[in-house]
Each structure stands twice: as C-alpha cells, then as structure tokens.
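This report refers to the structure that appears directly beneath it.
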Amino acid sequence: MFSASSATASSSTTTAEPRRTRGIARLAASVVASGLVVAGALTGAGGAVADEAPPHQGGATATLDGLKTFDSAVLHADGKDQKLPAGLFEMTVDGGGKFKTYCIDIHNPTQDQAKYLETPWNQTSLGTNKNAGRIRWILEHSYPKIDDLQALAKEAGTGPLTERTAAAGTQVAIWRYSDNADVTASDDQAERLADWLQKSATDTAEPKASLALDPVAVSGNSGKRVGPVTVRTNAGQVSVTPPADSASGVRITDKKGKAVTTATNGSQLYFDIPAGAADGSASLTVQATTSVPVGRAFAGATKSQTQILAGSSESTVSASATATWAGKGAIPAVTAKKNCAKGGVDVTTSNTGDEAFTYDLAGAQHTIEPGKSETVTVPVAEDQAYDVTVTGPGGFSRTFKGVLDCRTTGSATDGLTTQTAEQPTTTTATAGGSTAAAEGNLAETGSSNATPMIAGIAIALVVIGGGSVFFLRRRKDQSSGE
C-alpha cells in the first residue's frame, strides 16, 4: 500500500549494579550488533525499501581517538590491586569538532575508533544511578571545565596539580560514583582532588540534548500537513533540510503552511503532503553548530565503554525525522528505543489512518485502532544482541537491531591486564585507559580469535530473545507523531 517511514532504536540504561562477572555472551553481543542505536529497513507493499532511518534520535556523533591526558590509579577489587590509567579521552565529531570525555564503566573495554552517539541518561547506566547528578557536578567543578589548575588546587586544597594528575583525580572521583568502585589515584595530589570532588559533589540535573527531534516518526493522510515534529536544541538556530526527492512535492512547513528552512528551540515542523501524492515516506534533517553541554552521555554504537562529556568545542550536531502517508486505510508509524528499567526494547506503533492496523511482532499479533498507539516491551537480556521486526499487511516491515547495554560491568576483571600510565596509547582501551602495544595485549579484551564462535552464540541468543514473553501496555495516541 505504501513505503513506510524509518525510525530509531536508541540505547538506554539502568544504574550501576553490584559487581558481577561478564561471560562470553557479552562479547557475542558486541560482535553481532551493528550499533546501540540502529534503524530498521522498511518495505512497502510494492516491495520498495524505504530510506534508512537516522542512526539515533539526534545530537552529536563522534569517533573515539583514545586516552590522551592521564595518570595512573589503583583499583581494589576481589582482594587484588590493579594498576590502570585514569584520565581524559578525546573524540573527533562527525562534521567537525572535538570532545574530551571521561569513562563511566571502569571494567568495560573501549574499542579502537569506536563510533559514539549522544544519548539521554535514561538510555545509559546513568539512568537509574542515584549518583548521576553528582557526576555532572564533578565535571562542572574540575578539569578540564576548570582549566586554571592553580585555582582548582587552592579550592580543593590538594597542592600543585598538572593536567595529568587533575585528569586522573577527576576520573577517580567519577568512577566512585559511576561504578561504586574502590579506586585510588596513585599521585597524592590527584587522590586529594578525588576525595574533595567526591565529598563536595551535590545532585545536579541532566543537561538537555544539543539537538533532538520529537518524535522521530510521524504519519498521516496525503493532502494534509503531517506532524508536528518539535525541535529541541541549545543552538541559537538550526538549518532544516527538506526531503531529497523534490519530485514528490513534499515540503517542510510551519503549522500555517509556510515553507521552513531554519528553526529554533521549540519550533514545530510539518511535512506538507500534496493531495493525490502516491503513498510513501520522506525524511527531513536538521543541523547546527553548537557546544554540546558538559555532562551529556555518549554510548558506543558497538559494545564499548560509555563516556560522559567533560568538554566540547563548537561541534556539528544533527537529527532526522520521517513521515509516512497514504490516501486511506491504516497509516502506521513505528519507533523503538531501549528501556533499561524493564530490561528490553520498547517498540511503539501508532496508527493515524481510518482503518485498524494489525501487525506481528516475534509471533504475537496486535491490532491498533485508528487514532491509537501502543507500546510493546520486548524483553532482552543484558548485553544481548537483539533483532526485532514488525511486519504488517502489504509487505510492511520494520527491523530494529542493537545490543542492550544498561549496566556497568562491575568487577569483571577476568582477562584484563593492567597498563601503567607510562605506556603508550594504541588500539583498545580498558578500565578507562588504553592498551599497550607490547605488554599485556589488552586488545584481546575487545576482540579475539573466537569471533566466529561468539557470533554464532550471539545469533542463538537473538533467536531465544525473539521467543520471549512480551509486556504490552496500551495508551491513547496523544498526537499523530506518538
């Protein structure tokens, strides 16, 4: 009947849990997943595949460059002392810009050149961490946000600080709250800074997204304006890019039908669909250059240590949304995001058409009446790769893939080899640091020769997850985009 739109499956979170060991299922998930936030392909009745959905709900996308400014720390766990690097990572932002970040999952390795996505706290381990706000306070009151090291040392009563020791002390304080870790800085001044930050920290609210669209998928009848899609941003202005297929006649407008090429925070955008337009879908993109707020979380697009922003240059941020339309019948819009509180993926389907929409999700059939929406929570085990598909009449198909990574790793030290601060940064970082080329071969904690076997296990886990029981909650559609 139509080529439906694309949507986003975002990552989510739970709080740091008591320490526990991770096994091969964790590695399997990282091998199979194409990303924590991955959109699905959508096929219409004619067999055409819709445009690929945006990779996340908006904001910055960056590539990890490695651990750059660091000193050493000692992790005390399971009766053992493990020396590890502690400090600031750097990232290169897609489209331009640089980030400085600290890690918030001390035992989980980072992958070389891993892709990271700006992510809400509730889709990372910060989501149910009661101390998440204290971590943001630390970021706002220490290096590099406070780059006057003499003033910082005087305020904290530490004695002289260098960039390396300031970064190490800040990371140690963060780990104590993000991972509930028993960790100390090797340098005396860094340790004093960590103690001061930990004791002084107070609860601080999560910063708002640099750029996001809400919702990321809408639907409606041809001959009408479909939306609204609301812009959320800290930038003064964003550019609006209309659908690439100008031949469709679809325009991006405001509520009154005036064409829009720029927008600001709170602006509402609509897809103006010509009367008689063939059933189909189209996407818009918004983009800006802004400084991403300190304290924003960044989740790996593959299984890689979650990061939290400590500093940002002016950087490129973007977001996309998709509209689906038809002349009559059911007109669904489907989105998905991780729900760490329930341990699964929320798949939300709305129907703005004039007929009921019946769809299948992993063997269970659901029907949505016109003007209604419903959310199905698909259970997924922690660290498990998932592959969730919604199918309906006329060849309708939407697939969401990813890995559920909602918890910090705990004290899973098996297989980790320590690295001193004097060793060079190379491929895969672990425990907040980067691997040494010669000693320890920490790259093996991120990948190994067991990859084929791991992939097979992960696929089996997906199949098992697909047959799990679903939790369904119904709610009335408050808007055409929900």
Side-chain angles (χ1 to χ4, degrees), residues 15-16 19 67-77 81-89 99-108 110 121 124-126 129-207 293-298 305-311 408-411 421 429-433:
T15 187
R19 298 170 180 165
L67 188 68
K68 300 297 184 180
T69 307
F70 60 95
D71 202 83
S72 62
V74 179
L75 175 66
H76 313 284
D81 289 344
Q82 180 187 11
K83 193 174 183 179
L84 54 117
L88 276 170
F89 289 85
F99 289 156
K100 292 184 177 180
T101 62
Y102 289 105
C103 96
I104 52 173
D105 192 352
I106 190 171
H107 296 285
N108 183 21
T110 58
W121 282 7
T124 72
S125 61
L126 296 172
N129 183 345
K130 64 181 181 181
N131 291 315
R134 289 182 169 84
I135 295 173
R136 187 189 177 192
W137 187 96
I138 290 170
L139 294 167
E140 294 282 0
H141 292 82
S142 192
Y143 181 76
K145 181 68 180 290
I146 307 300
D147 59 3
D148 184 340
L149 296 181
Q150 286 187 328
L152 178 60
K154 182 178 180 180
E155 177 73 12
T158 62
L161 291 168
T162 66
E163 290 182 349
R164 287 164 58 104
T165 56
T170 306
Q171 178 66 91
V172 166
I174 289 171
W175 278 334
R176 291 173 182 175
Y177 282 129
S178 65
D179 294 74
N180 195 28
D182 182 3
V183 59
T184 55
S186 299
D187 178 82
D188 288 342
Q189 282 71 38
E191 175 63 11
R192 292 191 190 103
L193 176 61
D195 287 344
W196 177 78
L197 290 169
Q198 182 184 13
K199 293 174 183 177
S200 302
T202 58
D203 193 33
T204 307
E206 176 183 4
V294 167
R296 289 297 289 171
F298 280 81
Q305 188 179 84
T306 303
Q307 306 277 313
I308 191 164
L309 189 66
T408 54
T409 308
S411 58
T430 188

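Computed from a predicted structure; not experimentally measured.
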Mind checking whether [X] and [Y] have side chains closer than 4.5 Å, heavy atoms only?
X    : Y    : value
L152 : L193 : yes
R296 : F99  : no
K145 : L139 : no
L161 : Q189 : yes
T170 : I138 : yes

Taking [X] for its side chain and [Y] for its backbone only, find out whether a donor-acceptor pair lies under 3.5 Å.
X    : Y    : value
D187 : T165 : no
W121 : G295 : yes
R136 : A205 : yes
E191 : A185 : yes

Enter the distance from [X]:[atom1] to [Y]:[atom2] here, rounded to the nearest 0.5 Å.
X    : Y    : atom1 : atom2 : value
N131 : S178 : CG    : OG    : 9.5 Å
L67  : L88  : CG    : CG    : 8.0 Å
I308 : D105 : CD1   : CG    : 12.5 Å
T110 : F89  : OG1   : CZ    : 4.5 Å
R134 : I174 : CZ    : CD1   : 14.5 Å
D179 : I104 : CG    : CD1   : 8.0 Å

Grab the two heavy atoms, one from [X] and one from [Y], that are nearest each other, plus how far apart they are.
X    : Y    : result
K100 : P144 : CD-CG, 4.2 Å
L84  : L75  : CD2-CB, 3.4 Å
G133 : D203 : CA-OD1, 3.3 Å
A201 : Y177 : CB-CE1, 4.1 Å
Q307 : T101 : OE1-OG1, 2.7 Å
P293 : P207 : CB-CB, 3.7 Å

With Q171, which of Y143, Y102, F70 fulfils side-chain contact (heavy atoms from CB on, under 4.5 Å)?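 Per the side-chain contact (heavy atoms from CB on, under 4.5 Å) rule, the option paired with Q171 is Y102, out of Y143, Y102, F70.
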side-chain contact (heavy atoms from CB on, under 4.5 Å) between V74 and S186: does it pass, once the steps are laid out? CA-CA 7 Å; V74 179; S186 299; 4.0 Å; yes
